[in-house]
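Worksheet for the structure shown next.
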Amino acid sequence: ATVTVDVKSRNVSTVVTTTRDIVDPFDDVNSLREAIETANTTPGLDTITFDLPADDPRHVYYQDDGVAGQLLHDNLAFTTTTDDSAILDIDPDWAHSWFSIQPTADLPQITEVVIVDGYSQPGASANTNSVESRLGLNTVLRIELDGSAIPAGSAAGLVLADQGSTVRGLVINRFFSAGIDIGTNDNVIDGSFIGTDPSGTVALSNASAGVTIRDFASGNLVGGVTPAARNLISSNGIANVQLVNFADGNAVQGNIIGTNRRGEVRLRGPVGVLVEDSSNNTIGGTGVGAGNLISGHTRSQGTGVEIRTLGPGTNASGNTVQGNLIGTNVAGTARVENYRGVVVDGAAGNTIGGTNADARNVISGNAFGGVFVQDNSAETIADNGAIGNVIQGNYIGLDITGNTNVRNGSSGVQDEGVDTMIGGITARPGTGPGNVIVGDSGTGVIRILLSDGTLVQGNLLGTNASGTAALGADGAYV
C-alpha cells in the first residue's frame, strides 16, 4: 500500500486502487480500509480519492434486460472495458459501469478529519441540475460501498467520529445500521446516493437510516445549496435522515429524499426526515437551492417530515421546515405521496413555512393529510407538549403555482396542539404569513380537535392562491 505525504503540512492523500477489502502494507494497491486506517493515524486534514482500474474484479454494469425503463440488480455483469460505450450489452437505462466495494467486516470509524471524494474516480460527474430547475439529478457515481457482505448486526457504512469531515460522491447501500452515522460536529455529506443503486432508481436500503446525526452533534450539513451538493437519500429502514438525541443546529438542504433520482417515483421508506428530541435544525431554507424534495414515504403510514419528542423532560423546539416540496414530484405539479406530509408530535415552538414566499413549503398530494400538530402521549390539554407551533405561508393541497389542486387525502391542517398559529395578520389573505389551503372534500381544510388557543388568520381556504377560483372542500372544522 502506498500513500502521498505533503511534507510541509504532513497531510496524507491516499488513492484507493482496489475494491478488495484487504490490509497489506507490502502490496502495491490501496483498499478503502487501508485508506481510512492511514487517515486515522495522521493528524490534520487528509484526503481519500479513488482511481480504480478497469480490470478490477468488481467493475460491474447492468446487462441489458430488453425492457425499457427497468433495471434488475440481479442482472449485473463484470467488465474490464475502460469505455462504457464499448460494452455491447450494457443496459441503456443506465449506461454506466461502476466499482463496487464490499467490506467483509465493519470499516474503521473515521477518527481524524478527512475528505472522502468519490467524484475523484475517472468517469464520475456531479449533478448540474439546480433545485430551481425542478429537474431530477444527473449525477454519475462510480464508487459503491455495499454492506451486504458484512454479518447482520454490524455497524454503519461510514462512522464519522471526528468533526469536520466531508463525504461526497459515493453510493452507500445495504448496511445493517445507517449508511452514514455522525456523532460529531461540522461534517458535510454531499453529492451521494444513500439507500439506492448507482442509477438512483433501484431501492437498496440501509436497514436503520440513510444518514443518522445523533448525540449532541451540531453544525452538520446533509446536502447543500449548490447542484453538486444534492444527495439522493431514499428507501432506508427507519428514516432516510434522522436527527436524534439532542442533535441540535444541523441542516438538511437541497436533497431528493424518498424518490428515485428523477424525483418522479417513490422508493418508499417510513419517514423522510425525522427530528427526535433535537432542536434548532433547518430542513430546507429560504435561500436559493436550499429546498428539499421529500416524497414517497408510504411504508408503515410514513411521514415526509416528523418532529417529535419521546416524552416529558425532552423537547424538539426551534426547528424550521421551509422551502420544501413535500408529497409532490420534483416539479411540484403532481402527487408522489407520503402517507402524511408533516407531523409535529409533542414538540413546541417549531415553524412550518414562514412569512415570505421563499419560506413556502408545498405540502400536497399526501395520502392522509398535509400538516398534523398533536401530542399522542398527552391525556389532557394540560399535558400537551405541542405548544406554540407555527404554520405560515404554505401551499397545502395545491401545486407549486398555487393554481391547481393536488389535494391531500384528508384535511390540509389538523391541529390538536396548544396555541398553534395557522397563518397570521396579512395585507391580503393567502400571502405570507397566510397559507393557501385546500383539503379533501368533506373533511375540512382545517380541522381543530382537542386543542386550545388555536389562532387561524389571513389564510385562503379552498381556493387558488389568488383567491379567484374555488378548488373545493369544506372550510374550518372545529
Side-chain angles (χ1 to χ4, degrees), residues 68-71 91-96 98 118-119 123-142 168-171 189-203 210 221-235 240-241 252-269 272-273 283-297 304 322-338 357-358 360-365 395 398-404 406:
Q70 174 180 279
L71 293 170
D91 196 314
D93 292 318
W94 190 248
H96 305 280
W98 69 94
Y119 284 139
S125 59
N127 169 67
T128 59
N129 292 331
S130 68
V131 169
E132 289 70 28
S133 73
R134 301 302 169 197
L135 299 172
L137 304 177
N138 59 16
T139 320
V140 177
L141 300 178
R142 302 201 71 200
R168 67 166 53 104
L170 298 180
V171 179
I189 310 301
D190 66 26
S192 296
F193 288 5
I194 304 172
T196 76
D197 74 327
S199 78
T201 63
V202 177
L221 174 60
V222 180
V225 299
T226 66
R230 301 175 70 190
N231 297 295
L232 172 65
I233 310 174
S234 296
S235 89
N240 282 316
V241 180
V252 180
Q253 296 182 320
N255 306 288
I256 291 181
I257 299 174
T259 74
N260 66 1
R261 67 180 175 87
R262 292 185 289 271
E264 298 172 346
V265 177
R266 70 182 184 222
L267 294 185
R268 305 187 70 193
V273 180
I283 313 304
T286 59
V288 173
N292 303 283
L293 172 67
I294 308 174
S295 297
H297 301 92
Q322 297 178 323
N324 305 288
L325 301 177
I326 303 174
T328 73
N329 62 3
V330 74
T333 58
R335 173 181 286 107
V336 184
E337 64 190 37
N338 304 294
D358 292 336
R360 177 188 301 135
N361 300 289
V362 177
I363 308 172
S364 303
Y395 287 173
L398 299 96
D399 75 346
I400 196 170
T401 69
N403 292 318
T404 302
V406 185

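Numbers here simply count residues along the sequence, with the first being 1. Predicted model, so just to flag it, every value in this text is computed and none were measured.
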Check: Can you check whether Gly195's main-chain N or O pairs, donor with acceptor, with Ser235's side chain at less than 3.5 Å?
Finding: yes
Margin query: Please check this pair: side chain of Gln253 against backbone of Gly284, looking for a donor-acceptor N/O pair closer than 3.5 Å.
Written below: yes
Notebook entry, point to check: Under 3.5 Å, side chain of Asn361 to main-chain N/O of Asn324, donor-acceptor pair present?
Noted result: yes
Note to self: Between Asn255 and Val222 (side chain of the first, backbone of the second, donor and acceptor by atom type, cut-off under 3.5 Å), is there such a pair?
What the structure shows: yes
Margin query: With a 3.5 Å distance limit and no angle check, can you tell me whether Ser234 reaches the backbone of Thr259 through a side-chain donor-acceptor pair?
Written below: yes
Notebook entry, point to check: At their closest point, which heavy atom of His297 faces which heavy atom of Asn240, and how far apart are they?
Noted result: NE2-ND2, 2.8 Å
Notebook entry, point to check: Are any non-hydrogen side-chain atoms of Ile257 and Val252 less than 4.5 angstrom apart?
Noted result: yes
Check: Do Thr328 and Leu293 touch side chain to side chain, with heavy atoms closer than 4.5 Å?
Finding: yes
Notebook entry, point to check: With distance as the sole test, does Arg261 use its side chain to make a donor-acceptor pair with the main-chain N or O of Ser199 at under 3.5 Å?
Noted result: yes
Next item on the list: Look at the side chain of Arg230 and the backbone N and O of Asn129, then say whether any donor-acceptor pair between them is shorter than 3.5 Å.
Entry: yes
Check: Ser192 side chain to Gly169 main-chain N or O, any donor-acceptor pair under 3.5 Å?
Finding: yes
Check: Between Ile283 and Ile294, is a side-chain contact (heavy atoms from CB on, under 4.5 Å) present by the stated rule, with each step listed?
Finding: CA-CA 10 Å; Ile283 313 304; Ile294 308 174; 4.0 Å; yes
Item checked: Flag side-chain contact, heavy atom, 4.5 Å: Arg142 against His96 -> no
Notebook entry, point to check: Does some side-chain heavy atom of Arg134 sit less than 4.5 Å from a side-chain heavy atom of Ile400?
Noted result: yes
Checklist line | Which atom of Ser364 lies closest to which atom of Leu398, heavy atoms considered | finding: OG-O, 2.6 Å
Next item on the list: Provide the closest heavy-atom pair for Ile326 versus Ser295 in the form atom of the first, atom of the second, distance.
Entry: C-OG, 4.1 Å
Check: Is there side-chain contact between Thr201 and Arg262, with at least one heavy-atom pair below 4.5 Å?
Finding: yes
Note to self: We want to know whether Asn138 and Thr128 form a side-chain donor-acceptor pair, criterion being a heavy-atom distance below 3.5 angstrom.
What the structure shows: yes
Notebook entry, point to check: Any sub-3.5 Å donor-acceptor pair from Asn329's side-chain atoms to Val336's backbone N or O?
Noted result: no
Next item on the list: With Val171 as reference, evaluate Ile194, Leu232, Leu141, Asp197 under the side-chain contact (heavy atoms from CB on, under 4.5 Å) test and give the passing residue.
Entry: Leu141
Margin query: Test your reading of the model: is there a side-chain donor-acceptor pair from Asn231 to the backbone of Phe193, 3.5 Å cut-off?
Written below: no
Check: Which heavy atom of Val330 sits nearest a heavy atom of Gly136, and at what distance?
Finding: CG1-N, 4.1 Å
Next item on the list: Give the minimum heavy-atom separation between Tyr119 and Asn127, together with the two atoms involved.
Entry: OH-N, 4.2 Å
Notebook entry, point to check: Passes side-chain contact (heavy atoms from CB on, under 4.5 Å), Leu71 versus Asp91? Steps please.
Noted result: CA-CA 8 Å; Leu71 293 170; Asp91 196 314; 3.6 Å; yes
Item checked: Considering all heavy atoms, the nearest Asp399-Thr401 contact -> OD1-OG1, 2.7 Å
